[in-house]
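The next block holds one structure in the form of structure tokens; read it before the comments.
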There are 2 protein chains.
Amino acid sequence: MKTIGFDSHNHDACISDALGMATDICAQQKLQFTPVRRRVLEILLHEHRAMGAYDILEVLSSEGLGSQPPVVYRALDFLVKHGLAHRIEGLNAYTACAHLDHEHVPAFLICRTCKAVAETDTGIAQGRLGQAAASAGFTIEKVVVEAEGLCPNCTGAAA
Amino acid sequence: MKTIGFDSHNHDACISDALGMATDICAQQKLQFTPVRRRVLEILLHEHRAMGAYDILEVLSSEGLGSQPPVVYRALDFLVKHGLAHRIEGLNAYTACAHLDHEHVPAFLICRTCKAVAETDTGIAQGRLGQAAASAGFTIEKVVVEAEGLCPNCTGAAA
DNA sequence: AACCGTGATGTTATAACATATCAATACGTG
DNA sequence: CACGTATTGATATGTTATAACATCACGGTT
Ligand SMILES: [Zn+2]
Ligand SMILES: [Zn+2]
Ligand SMILES: [Zn+2]
Ligand SMILES: [Zn+2]
């Protein structure tokens with residue numbers, strides 16, 4: 001398990017790697033990785049941060065790839081459904097998956113200042129929450145774990 | 001730590017206890033527990049489930065306590081800020097706090113069918129997420145933990 | 001009493017996020 | 001090509017949340 005997001009890295013390689021993996025995943029599962037879907041993933045990858053659907057739409061629109069909300073929501077639905085992106089509930093926003101290479105239950109560290117998002121992994125369902133659910137007779141289908149706070153870059157410069 | 005929410009209980013007592021505790025808490029902290037704020041908490045307590053702001057507003061409105069969104073949002077802000085209620089990020093909804101008697105980091109079990117919400121507690125910040133944050137240099141200020149699934153009452157009757 | 005600061009409300013308008021619906025088009029497969 | 005399915009285009013609407021500004025109610029000060 002590696003937490004990805006705040007460290008500096010070769011971002012061009014990071015993007016093209018992820019895009020390549022996404023292409024493979026779609027090919028394997030016979031999913032259509034259409035231009036809009038690919039471009040939305042690219043946009044999300046380009047920023048390592050959470051973006052609102054309308055932020056993304058603005059970019060798409062400026063490129064002639066669609067200008068109505070359904071365009072971006074359909075692409076996001078596709079990406080989220082197939083694990084290529086995740087929805088950040090706490091922000092009503094979206095971010096590219098940083099762990100395409102393996103199954104995972106994502107957990108996020110979200111900077112409240114710069115909105116950078118780091119994705120990590122957690123075995124939460126096996127921990128206290130899992131116990132609580134079991135003892136309450138509750139069947140967990142999906143878990144949201146999101147931590148808000150300050151990223152390393154913003155900790156010093158906090159207001 | 002007790003998970004509260006799906007078990008049947010003396011709900012009238014449950015409501016009046018919580019309302020009493022809330023009154024005490026506001027008194028201690030010299031907060032104004034005004035009619036609208038009290039009524040919103042009552043409404044949330046009455047249902048042990050997540051309610052949207054506009055659902056609450058509808059009730060308020062029918063009682064002459066206010067008819068515009070800011071009325072309910074201000075009351076909810078107050079309640080959430082002071083720990084009397086919690087926001088359920090996964091639903092863009094709100095629920096009364098079920099653990100007024102002690103400090104806690106809430107975690108929720110949310111039934112996707114009936115929207116019942118059980119509130120439990122988790123030491124998440126001390127677990128793997130805390131480790132990941134520490135090693136990434138991230139300062140956690142707030143954690144959202146929400147599990148969606150089926151409550152005991154809906155598990156059998158699932159569609 | 002007149003004045004002022006603070007917190008709470010009232011009110012209008014709008015921003016931000018998301019979906020319903022239906023027509024049109026592309027795509028793979030036999 | 002003909003068929004069913006997936007995707008896209010387009011319009012409208014629904015849902016959640018906040019900005020902005022006016023007003024009220026209360027307590028302390030002069
Ligand atoms: Zn990167
Ligand atoms: Zn930051
Ligand atoms: Zn109760
Ligand atoms: Zn249920």
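Since the structure is predicted, the reported quantities are computational estimates derived from the model, not experimental observations. Chain A is the first sequence line, chain B the second, and so forth, proteins listed ahead of strands; every chain is numbered from 1.
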Does B:R74 get its side chain close enough to the base of C:dG7, under 3.5 Å, for a donor-acceptor pair?
no
Measure the distance from CZ on A:R38 to P on D:dT7 and round it to the nearest whole Å.
15 Å
Using whole Å, what does the distance between atom P of nucleotide C:dC17 and atom CG of A:D77 come to?
16 Å
Quick check: on DNA chain C, is the nucleotide nearest B:G64 upstream (toward 5') of the one nearest A:Y73, or the reverse? Name the residue that is more 5'.
B:G64
Under 5.5 Å between ring centres and under 30° between planes: true for B:Y54 and the base of D:dT16?
yes
Considering only heavy side-chain atoms of B:R87, the closest of D:dA17, D:dT18, D:dA12 is D:dA17
A:R37 has a side chain; which of C:dT9, C:dT11, D:dT7 sits nearest to it?
D:dT7
Provide, to the nearest angstrom, the distance between the CG atom belonging to B:L57 and the P atom belonging to D:dG14.
17 Å
On DNA chain C, check which nucleotide each of A:Q32 and B:S67 is closest to and give me the residue with the more 5' one.
B:S67
Does C:dA18 have its OP1 or OP2 closer than 4.0 Å to a side-chain nitrogen or oxygen of A:Y94?
yes
For A:T34 and D:dT8, is the shortest distance between a side-chain N/O and OP1 or OP2 below 4.0 Å?
yes
When rounded to the nearest 0.5 Å, the distance separating CZ of B:R49 from CG of B:D55 is 6.5 Å
Using atom CZ of A:F78 as one end and atom P of C:dA18 as the other, report the distance to the nearest whole Å.
19 Å
Please tell me whether A:H82 and A:Q29 have a donor and an acceptor in their side chains that are separated by less than 3.5 angstrom.
no
Is there a side-chain contact between B:R87 and B:N92 (heavy atoms, below 4.5 Å)?
yes
To the nearest Å, give me how far apart CG (B:L91) and P (C:dC17) are.
18 Å
How many Å lie between CG on A:N92 and C1' on D:dT15, as a whole number?
11 Å
Between P of D:dT8 and CG of A:L65, the distance in whole Å
10 Å
Donor-acceptor contacts, no H, no angles, side chain residues 56-66 of chain B, under 3.5 Å, sequence neighbours left out:
| from | atom 1 | to | atom 2 | distance (Å) |
| --- | --- | --- | --- | --- |
| B:S62 | OG | B:V59 | O | 2.7 |
| B:E63 | OE1 | B:R39 | NE | 2.9 |
| B:E63 | OE2 | B:R39 | NE | 3.3 |
| B:E63 | OE2 | B:R39 | NH2 | 2.8 |

Whole angstroms only, please: what is the NZ-P distance between B:K30 and C:dT6?
18 Å
Against the side chain of B:V71, the closest entry in D:dA17, C:dG10, D:dT7 is C:dG10
A:L109 CG to B:L129 CG distance, which is reported to the nearest 0.5 Å
5.5 Å
